[in-house]
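Beneath this line is the structure, given in structure tokens, with notes to follow.
On a predicted model such as this, the values are computed, not experimentally measured, just so you know. Lettering follows sequence order; numbering is per chain, from 1.
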There are 2 protein chains.
Amino acid sequence: MIVTRRDEIVEAAGVLLEQHGRDGVTMRAIAESLGIRAPSLYKHIADKHELEVALIADGFVQQADAFEKALAGGNDVPAMAIADAYRTWALDHPHLYRLMTDQPLPRDELPEGVEERSVAYVLEALAGDRDCARAAWAFAHGMVTLELADRFPPDADIAAAWRTGIESIVANVAATQNDPQGDQK
Amino acid sequence: MIVTRRDEIVEAAGVLLEQHGRDGVTMRAIAESLGIRAPSLYKHIADKHELEVALIADGFVQQADAFEKALAGGNDVPAMAIADAYRTWALDHPHLYRLMTDQPLPRDELPEGVEERSVAYVLEALAGDRDCARAAWAFAHGMVTLELADRFPPDADIAAAWRTGIESIVANVAATQNDPQGDQK
DNA sequence: GTCTATAGTGGGATAGAC
DNA sequence: GTCTATCCCACTATAGAC
């Protein structure tokens with residue numbers, strides 16, 4: 001696999017993102033970490049936006065890989081396995097996670113299927129019920145962002161809230177499957 | 001009620017926040033909207049941070065008022081009434097909402113009880129179960145931030161996801177109340 | 001593919017006069 | 001309580017030489 005200069009630039013941007021947050025990713029800082037000057041970067045990439053898109057695309061691949069591994073574990077409750085993987089990955093890559101979720105997805109500029117693959121694992125864990133999958137995603141996203149922002153009160157039992165939320169939604173999926181008239185599909 | 005110059009400054013900052021987002025709240029812009037120069041602001045406030053704290057405190061009061069009104073409506077499902085009020089308020093004040101949730105709360109600098117009052121209404125709607133209340137909060141926060149960031153796919157039924165999530169958690173509260181050994185309180 | 005020089009824009013905050 | 005003048009900082013991006 002050949003590593004182009006562009007790849008090195010994206011890689012350096014990713015390291016800066018996780019080390020110093022979004023504000024730490026400046027063209028100057030990227031260049032400095034490669035031992036060159038900022039204007040030289042523009043021979044390899046069009047602008048900063050292109051860099052962000054590349055980082056986001058990479059994040060989706062990483063996330064989907066984590067989901068795949070979690071489901072392969074053969075857990076009793078797939079949704080809980082996905083939830084654990086979701087939380088772990090987000091907490092391990094806080095700034096990339098926020099970059100991926102804080103703004104509209106540049107869907108036109110992302111490689112084909114990159115978002116869909118991640119979504120598919122979540123949907124699979126919730127019996128294909130899209131409303132439940134979206135509710136579960138929103139719950140997980142809320143838990144992760146509140147934890148990352150340190151917004152829970154100091155005494156909050158975060159693990160217990162995770163269990164409560166996922167169990168509630170899973171129970172609801174099971175209930176609507178036994179009661180097909182509530183099914184939308 | 002006397003309106004001090006400081007109050008006018010905070011008010012102007014709040015208007016700019018909702019009109020132009022967080023980046024639109026600059027000392028220069030605040031001053032301009034009051035017809036003075038930026039350096040004059042520092043005779044009334046210490047720095048920009050003090051301004052943000054004042055906006056956040058005000059946001060909590062507004063939010064709690066909205067919750068109070070929603071519960072007073074005498075809804076069949078109090079948790080759904082709170083959820084609707086949560087969504088409506090956040091969508092009506094997107095930038096203030098993000099200011100209040102994107103960073104650690106400056107609890108030491110906030111007026112006493114301002115956070116607690118908002119929390120109390122949510123807790124009340126969920127029978128005092130803290131884990132369920134936190135799960136519900138995280139769900140609502142996730143739904144709101146994903147909607148504000150325009151992160152749901154274009155075809156997503158957002159209202160259905162709200163119903164699914166809240167109903168799931170409410171059902172879980174009811175279940176654990178009939179099954180006291182699962183109760184933590 | 002790298003460099004220097006620089007344009008253009010914007011920000012928070014202070015000193016000291018009035 | 002307001003002003004002018006100013007400091008110091010930072011950023012993205014381009015032009016043109018080598």
Side-chain angles (χ1 to χ4, degrees), chain A residues 1-58 94-96 98-100 102-104 106 108-109, chain B residues 1-58 94-96 98-100 102-104 106 108-109:
Chain A
M1 191 170 89
I2 57 163
V3 175
T4 65
R5 193 78 206 198
R6 184 179 181 280
D7 293 335
E8 291 180 336
I9 292 171
V10 173
E11 163 76 16
V15 171
L16 282 170
L17 178 64
E18 286 313 342
Q19 275 182 350
H20 304 295
R22 196 165 174 176
D23 288 348
V25 186
T26 66
M27 301 308 274
R28 293 191 213 298
I30 296 167
E32 191 186 358
S33 79
L34 292 171
I36 60 176
R37 306 289 173 168
S40 307
L41 298 172
Y42 292 90
K43 293 288 182 181
H44 307 276
I45 54 153
D47 53 26
K48 202 181 178 180
H49 177 71
E50 184 183 323
L51 224 41
E52 286 193 354
V53 172
L55 290 172
I56 290 169
D58 197 47
H95 295 106
L96 178 52
R98 299 218 47 161
L99 188 66
M100 291 166 67
D102 269 2
Q103 55 189 332
D108 296 348
E109 301 163 77
Chain B
M1 191 171 90
I2 56 165
V3 175
T4 66
R5 194 68 170 155
R6 184 179 181 280
D7 294 335
E8 292 179 337
I9 292 171
V10 174
E11 163 77 15
V15 171
L16 282 170
L17 178 64
E18 286 312 342
Q19 276 182 350
H20 302 111
R22 196 165 176 176
D23 288 348
V25 186
T26 67
M27 301 306 276
R28 286 168 164 79
I30 295 167
E32 192 185 357
S33 79
L34 292 171
I36 61 176
R37 305 287 175 171
S40 307
L41 298 172
Y42 292 91
K43 293 289 181 180
H44 307 277
I45 53 154
D47 52 26
K48 202 181 178 182
H49 176 71
E50 185 183 322
L51 224 42
E52 286 193 355
V53 173
L55 289 172
I56 289 168
D58 196 47
H95 295 106
L96 178 51
R98 298 219 49 161
L99 188 65
M100 291 166 66
D102 270 0
Q103 54 188 335
D108 295 348
E109 302 163 76

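- Side-chain atoms of A/His49 and A/Glu109 include a donor-acceptor pair closer than 3.5 Å.
- Of all the heavy atoms in A/Ala13 and A/Val25, the pair that sits closest is O-CG2, 3.9 Å.
- Between B/Asp47 and B/Lys43, the residue anchored nearer the 5' end of DNA chain C, judged by the nucleotide with its closest heavy atom, is B/Asp47.
- Residues from residues 48-58 of chain B that place a heavy atom under 4.0 Å from any atom of DNA chain C, listed by number: B/Lys48.
- Partners of B/Asp7 according to the side-chain hydrogen bond (donor to acceptor under 3.5 Å, both in side chains) rule, which considers only residues two or more places apart in sequence or in another chain, are B/Thr4.
- Taking the side-chain hydrogen bond (donor to acceptor under 3.5 Å, both in side chains) definition, one finds that B/Glu50 meets it with B/Arg6, sequence neighbours left out.
- The distance from the CG atom of A/Leu41 to the CD1 atom of A/Ile9 is 5.0 Å, given to the nearest 0.5 Å.
- B/Arg37 pairs by the side-chain hydrogen bond (donor to acceptor under 3.5 Å, both in side chains) definition with nothing, not counting sequence neighbours.
- In the region residues 29-42 of chain A, proximity to DNA chain D at under 4.0 angstrom, judged on heavy atoms, holds for A/Pro39, A/Tyr42.
- If you check C/dT2, D/dT2, D/dC11 against the side chain of B/His44, the one that comes closest is D/dT2.
- The base of C/dG12 is paired with the side chain of B/Arg28 by a donor and an acceptor separated by under 3.5 Å.
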(message) If a pair means Watson-Crick or G-U wobble with both distances below 3.5 Å, what does DNA chain D look like in dot-bracket form, with | marking bases paired to a different strand?
(response) ||||||||||||||||||
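- Summarising the geometry of A/Ala29 relative to A/Gly24, their closest heavy-atom pair is CB-O, 3.7 Å, with the distance given to 0.1 Å.
- What you find for A/Thr26 and A/Asp23 is that their closest heavy atoms are CG2-O, 3.6 Å.
- Between the side chain of B/Gln103 and the main chain of B/Leu99, a donor-acceptor pair closer than 3.5 Å is present.
- Distance, A/His20 NE2 to D/dA10 P: 14 Å, rounded to whole Å.
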(request) Please test A/Ile30 against A/Lys48 for side chain to side chain contact (heavy atoms under 4.5 Å, CB included), starting from the C-alpha separation and ending with a verdict. (result) CA-CA 11 Å; A/Ile30 296 167; A/Lys48 202 181 178 180; 5.9 Å; no
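- Atom CZ of B/Arg6 and atom P of D/dT2 are 15 Å apart (whole Å).
- No donor-acceptor pair under 3.5 Å is formed between the side chain of B/Glu8 and the backbone N or O of B/Val3.
- Atom CE in A/Met27 sits roughly 16 Å away from atom C1' in C/dC3 (whole-Å rounding).
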